[in-house]
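What follows is one structure encoded as structure tokens, with my remarks underneath.
Residue numbers start from 1 in every chain, and the chains themselves are labelled A, B, ... in the order their sequence lines are given, proteins ahead of strands.
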2 protein chains.
Amino acid sequence: MQPGLSFEENMLEARQAYPDVSQCPVRGVLDQIANKWSVLIISALAERPYRFGELRREIGDISQRMLTQTLRDLQADGLVEREVFPTTPPSVEYRLSPLGHSLLVPLRSLVQWSFDNFPAIREARQQFADVA
Amino acid sequence: MQPGLSFEENMLEARQAYPDVSQCPVRGVLDQIANKWSVLIISALAERPYRFGELRREIGDISQRMLTQTLRDLQADGLVEREVFPTTPPSVEYRLSPLGHSLLVPLRSLVQWSFDNFPAIREARQQFADVA
DNA sequence: CTGCATCCTGGAGGATACTG
DNA sequence: CAGTATCCTCCAGGATGCAG
């Protein structure tokens, strides 16, 4: 974010500067954590490295297709590191990169906010539903 | 978030506690900010209240359908307040609620992170593409 | 001006079967 | 064990037209 520019200014100017959505920094990150499984995978890897199967069992109801795909995306963005051990049968370990760890900081704030304010949101939804 | 529980533990236990995804606090918030336009609208309203048409012009390439729908969702969650002025023609003003303003705090962190680390992500993507 | 109703398309994501 | 390949479904979101 440029110094001297407020959050709002940056958000809106970011769209001017990046007419191609796929190139916008904010949208790129937002889309990533918006994925159904990204945050869940990142939070699991925040604890310790996991092997593919371990991660699958830990999360529980993720399809192997989406686990593979999400891990690839996170790896492509440099948030997750992948290490293959050429054993038989093969074993692959996934861990958070330093960049991935740094993302935990703002992510924690957001998760914290979600927990803190969910009651209020829940109530607001109820009231809104009653009126409508 | 429960005291004594780490971020990771909470994320994973949250899924146990809320098997219905639509009831999970974290997913609820994540899905909301994941919307293509939510963060953009919130950031605009962080500056000052806006009327419908103003907001439409400010954002630029949002369809009126999605503007209406996203505003309704934000309103339902209690993040945005809607006030109708019975003039002719009618005028409607949208503003951030206190809850909506409180969301700006963690949101700013995330947006800040995006700007700070986009170069690294960009480079990671390039390298990943080269290898593959 | 501020919407709602309708139609339509692309892409996220699930289920299933196969491979090194 | 750790994936890849297909097929299929569902819905976010765009375009357009109408209304109070």
Side-chain angles (χ1 to χ4, degrees), chain A residues 15 19-22 24 27-28 30-41 44-45 49-77 80-95 128 131-132, chain B residues 15 19-22 24 27-28 30-41 44-45 49-77 80-95 128 131-132:
Chain A
R15 301 191 57 261
D20 181 359
V21 175
S22 66
C24 174
R27 275 248 58 87
L30 253 38
D31 286 347
Q32 188 59 50
I33 73 160
N35 284 331
K36 191 170 179 180
W37 304 109
S38 287
V39 174
L40 222 43
I41 292 176
L45 294 180
Y50 273 86
R51 292 179 51 190
F52 188 88
E54 274 183 322
L55 211 44
R56 187 150 160 54
R57 282 187 298 277
E58 177 71 32
I59 297 185
D61 58 348
I62 188 175
S63 66
Q64 124 276 45
R65 169 176 149 72
M66 290 319 294
L67 181 53
T68 300
Q69 184 173 310
T70 309
L71 281 170
R72 283 293 175 286
D73 291 345
L74 293 173
Q75 189 193 354
D77 283 1
V80 160
E81 294 165 354
R82 177 178 185 267
E83 186 175 6
V84 181
F85 299 93
T87 56
T88 51
S91 148
V92 181
E93 198 173 271
Y94 294 91
R95 73 185 68 247
F128 190 80
V131 175
Chain B
R15 300 190 59 258
D20 182 0
V21 174
S22 66
C24 173
R27 275 248 58 88
L30 251 37
D31 286 348
Q32 188 59 50
I33 72 161
N35 283 332
K36 191 171 180 179
W37 305 108
S38 287
V39 173
L40 222 44
I41 292 176
L45 293 179
Y50 272 87
R51 291 180 49 192
F52 188 86
E54 273 182 324
L55 211 43
R56 187 150 160 53
R57 281 188 298 278
E58 176 71 33
I59 297 187
D61 57 348
I62 187 174
S63 67
Q64 130 275 44
R65 169 175 151 71
M66 289 321 293
L67 181 55
T68 300
Q69 184 173 310
T70 308
L71 282 170
R72 283 295 174 283
D73 291 344
L74 293 172
Q75 189 192 354
D77 283 1
V80 159
E81 292 164 356
R82 176 177 187 268
E83 186 176 5
V84 181
F85 299 94
T87 55
T88 50
S91 147
V92 182
E93 197 172 273
Y94 294 91
R95 73 184 68 246
F128 190 79
V131 175

Checklist entry - Should B/Lys36 and B/Met66 be marked as a side chain to side chain contact (heavy atoms under 4.5 Å, CB included) after you check the CA-CA gap, both sets of side-chain angles, and the distance that decides it? => result CA-CA 9 Å; B/Lys36 191 171 180 179; B/Met66 289 321 293; over 6 Å; no
Checklist outcome for this item: What one should report as the nearest heavy-atom pair of A/Glu93 and A/Phe85 is CB-CE1, 3.7 Å
Next on the checklist: Whole angstroms only, please: what is the CG-C1' distance between B/Asp61 and D/dA15?
Outcome noted: 14 Å
Next on the checklist: Using a heavy-atom cut-off of 4.0 Å across all strands, would you classify A/Gln64 as base, sugar-phosphate, or nothing?
Outcome noted: base
Next on the checklist: As a test of reading the structure: which of C/dG13, C/dC4, C/dC1 is closest to the side chain of B/Pro90, going by heavy atoms?
Outcome noted: C/dC1
Checklist outcome for this item: Closest of C/dC1, C/dG14, D/dG13 to the B/Met66 side chain is D/dG13
Item to check | Selection from D/dG3, C/dG13, C/dG3 that lies nearest to any side-chain heavy atom of A/Asn35 | outcome: C/dG13
Checklist entry - Out of curiosity, B/Ile59 CD1 to B/Trp37 CH2, how far, rounded to the nearest 0.5 Å? => result 7.0 Å
Checklist entry - Nearest of C/dG3, D/dT4, D/dC1 to any side-chain atom of A/Thr68? => result D/dT4
Item to check | Heavy-atom pair of closest approach, residues A/Pro49 and A/Glu54 | outcome: O-OE1, 4.4 Å
Next on the checklist: Side chain of A/Trp37, heavy atoms from C-beta onward: which of D/dT4, C/dC4, C/dG14 has the nearest atom to it?
Outcome noted: C/dG14
Item to check | A/Arg82 side chain, from C-beta outward: closest of D/dA2, D/dG14, C/dA15 | outcome: D/dA2
Checklist outcome for this item: Rounded to whole Å, CD of A/Gln32 lies from C1' of C/dA12 at a distance of 13 Å
Checklist entry - Which pair of heavy atoms, one from B/Ala44 and one from B/Tyr50, lies closest together, and at what distance? => result O-CE1, 3.3 Å
Checklist entry - Within this structure, what is the CG-to-C1' distance between A/Leu67 and D/dG3, rounded to whole angstrom? => result 10 Å
Item to check | Value in whole Å for how far the P atom of D/dA2 lies from CD of A/Gln75 | outcome: 15 Å
Checklist entry - In terms of the nearest nucleotide of DNA chain D, which residue is placed more toward the 5' end: A/Ser91 or A/Arg65? => result A/Ser91
Checklist entry - Between A/Gly53 and B/Pro89, which is nearer to the 5' end of DNA chain D once each is assigned its nearest nucleotide? => result A/Gly53
Checklist entry - Starting at CZ of A/Arg27 and ending at C1' of D/dG13, how long is that distance when rounded to a whole Å? => result 12 Å
Next on the checklist: Less than 4.0 angstrom between a side-chain N/O of B/Tyr94 and OP1 or OP2 of C/dG3, yes or no?
Outcome noted: yes
Checklist entry - Base, sugar-phosphate alone, or nothing: which one does A/Arg72 contact when heavy atoms must sit under 4.0 Å apart? => result sugar-phosphate
Item to check | Atom pair distance, as rounded to whole Å: CG in B/Asp73 and C1' in D/dG13 | outcome: 12 Å
Next on the checklist: With a 4.0 Å cutoff (strictly under), does any side-chain N or O of B/Tyr50 reach OP1 or OP2 of C/dC1?
Outcome noted: no
Next on the checklist: Can you measure B/Leu71 atom CG to C/dC1 atom P for me and round it to whole angstrom units?
Outcome noted: 16 Å
Item to check | B/Gln69 CD to D/dA12 C1', straight-line distance once rounded to whole Å | outcome: 8 Å
